[in-house]
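Structure, as structure tokens:
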Amino acid sequence: MHRRDLPWRRRGCSPWGVLVSEVMLQQTPVARVEPVWHRWMERWPTPAALAGAPAGEAVRAWDRLGYPRRALRLHAAAGAVVERHGGRVPDGEEELRSLPGVGAYTAAAVAAFAFGRRTVVVDTNVRRVHARAVGGRALPAPALTAAETALAGRLLPADAPTAATWSVAVMELGALVCTARAPRCGSCPLVRRCAWVAAGSPPDDGPPRRGQAWEGTDRQCRGRLLQVLREAEGAVAGGRLRAVWPEELQRERCLDGLVADGLVEPLADGRYALPGSPR
DNA sequence: GACACGTGGCC
DNA sequence: TGGCCAAGTGT
């Protein structure tokens, strides 16, 4: 096995660094996260540092990682850490889980990888490895099931530090070898014991997966609008937004949605800006 | 439980 | 070439 030397997996990385990485990695590939994570940690090395910055600056620094509401939630999580935990990232799954943007996976991951706690870490990689090696299926079900969590719990080593290492290893296996498309079974340490390989590597028998529509969607529209705001120094006039999305009805709906989400702030003079950013 | 939510790279 | 996929969460 090859364990990647990722900055948030190094010994000296703070729990805050681990939390930032886990939120950034939600639905986003490692390669795109790395440079943004480095800039982020240099600028905001502690939860208090981020909490002291305007939310809009977090959105801007999020750059093109996608799903920018995560930046807003991370900013809110930093505030909650300062308010409720004295500025230290908590080490318990329950306290972590109560932070904005931290769900079951992220809470378990931070508890395990930042604090060495024995938690059941189940992400898409773990699910795929287990579906194949144990379940004999090409891909896991569309949504996480209680049975999958239970299985992951049974497979987890009893010793806490070993359990954390185990979780990293299974995730790395899923990310580098047991990949969704074109898995490298030839270099997999589990080939001999893989139920899916033993069954002849049958194709996925689940329901066809619906691809995410993109062209012309609200998501694309929101992305365009926010990109203009991110790249602008301060506030921008409505005309700048009109230019990147001419269709008025949809543009206004998306703008309203961005404002409702707290990603955009409408100014009294009719212009728009990232929330709290310098005018 | 289904849906909304960004972005870019890969085969 | 374009559908598929990437360390999910909140509603």
Side-chain angles (χ1 to χ4, degrees), chain A residues 3-4 6-9 17-37 59 62-74 76-77 96-114 119-129 138-146 148-149 152 164 167-176 178-184 203-204 206-230 244-245 253-254 257-258 260-263:
Chain A
R3 178 172 182 167
R4 287 172 292 181
L6 301 170
W8 46 85
R9 293 281 178 264
V18 174
L19 174 60
V20 171
S21 78
E22 292 299 344
V23 174
M24 288 184 172
L25 286 163
Q26 292 167 4
Q27 301 283 284
T28 307
V30 165
R32 217 171 326 149
V33 165
E34 243 186 300
V36 180
W37 182 87
V59 174
W62 198 253
D63 200 28
R64 294 170 159 247
L65 286 183
Y67 293 141
R69 287 186 295 190
R70 290 183 294 164
L72 230 38
R73 296 192 184 121
L74 188 52
L96 286 162
R97 184 71 176 74
S98 77
L99 299 174
V102 177
Y105 161 75
T106 304
V110 172
F113 305 146
T119 63
V120 181
V121 183
V122 185
D123 76 331
T124 189
N125 291 304
V126 173
R127 297 186 64 215
R128 188 173 52 252
V129 169
L139 295 173
L144 176 66
T145 64
E148 290 179 77
T149 306
S167 294
V168 173
V170 177
M171 288 171 65
E172 289 289 85
L173 185 65
L176 301 175
C178 193
T179 53
R181 285 170 301 187
R184 300 159 177 78
D204 179 41
R209 305 172 165 242
R210 297 199 313 281
Q212 311 170 335
W214 179 247
E215 202 58 36
T217 60
D218 281 9
R219 281 157 91 162
Q220 184 186 31
C221 179
R222 287 168 56 107
R224 291 253 184 93
L225 297 175
L226 207 53
Q227 182 181 359
V228 172
L229 278 284
R230 270 199 318 262
V244 297
W245 202 273
R253 178 176 70 239
C254 288
L258 289 168
D261 287 345
L263 284 163

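Note that this is a predicted model, so its numbers are computed, not measured. Residue numbers begin at 1 in each chain, while the letters A, B, ... track the order of the sequences.
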Looking across every strand, which nucleic acid part, if any, lies under 4.0 Å from V30(A) by heavy atom: base, sugar-phosphate, or nothing?
-> base

When only distance counts, do a donor and an acceptor, one from the side chain of R4(A) and one from the base of dA7(C), lie under 3.5 Å apart?
-> yes

Report yes or no: is there a donor-acceptor pair, N or O only, under 3.5 Å between the side chain of T124(A) and the base of dG8(C)?
-> no

Can you find an N or O donor on one side and an acceptor on the other, under 3.5 Å apart, linking the side chain of R181(A) with the base of dC4(C)?
-> yes

Can a side chain N or O of T106(A) be found less than 4.0 Å away from OP1 or OP2 on dT9(C)?
-> yes

Donor-acceptor pair under 3.5 Å, R127(A) side chain vs dA7(C) base | no

Rounded to whole angstrom, note down the C1' distance from dA6(C) over to dC5(B).
-> 14 Å

Flag the pair R127(A) and E148(A) as a salt bridge only when some basic side-chain nitrogen lies within less than 4.0 angstrom of an acidic carboxylate oxygen.
-> yes

Can you list the stems that DNA chain B is part of, where a stem is at least 3 pairs in a row, each Watson-Crick or G-U, with both distances below 3.5 Å?
-> B:2-5 with C:8-11, B:7-11 with C:2-6

Counting only side-chain N and O atoms of Q26(A), is one of them less than 4.0 Å from OP1 or OP2 of dG8(C)?
-> no

Output yes when at least one side-chain N/O atom of R32(A) is less than 4.0 Å from OP1 or OP2 of dC10(B), else no.
-> no

Polar atom pairs between nucleotides 1-4 of chain B and protein, under 3.5 Å, N or O only, would you list them?
unit_1, atom_1, unit_2, atom_2, d
dC3(B), OP2, R210(A), NH2, 2.8

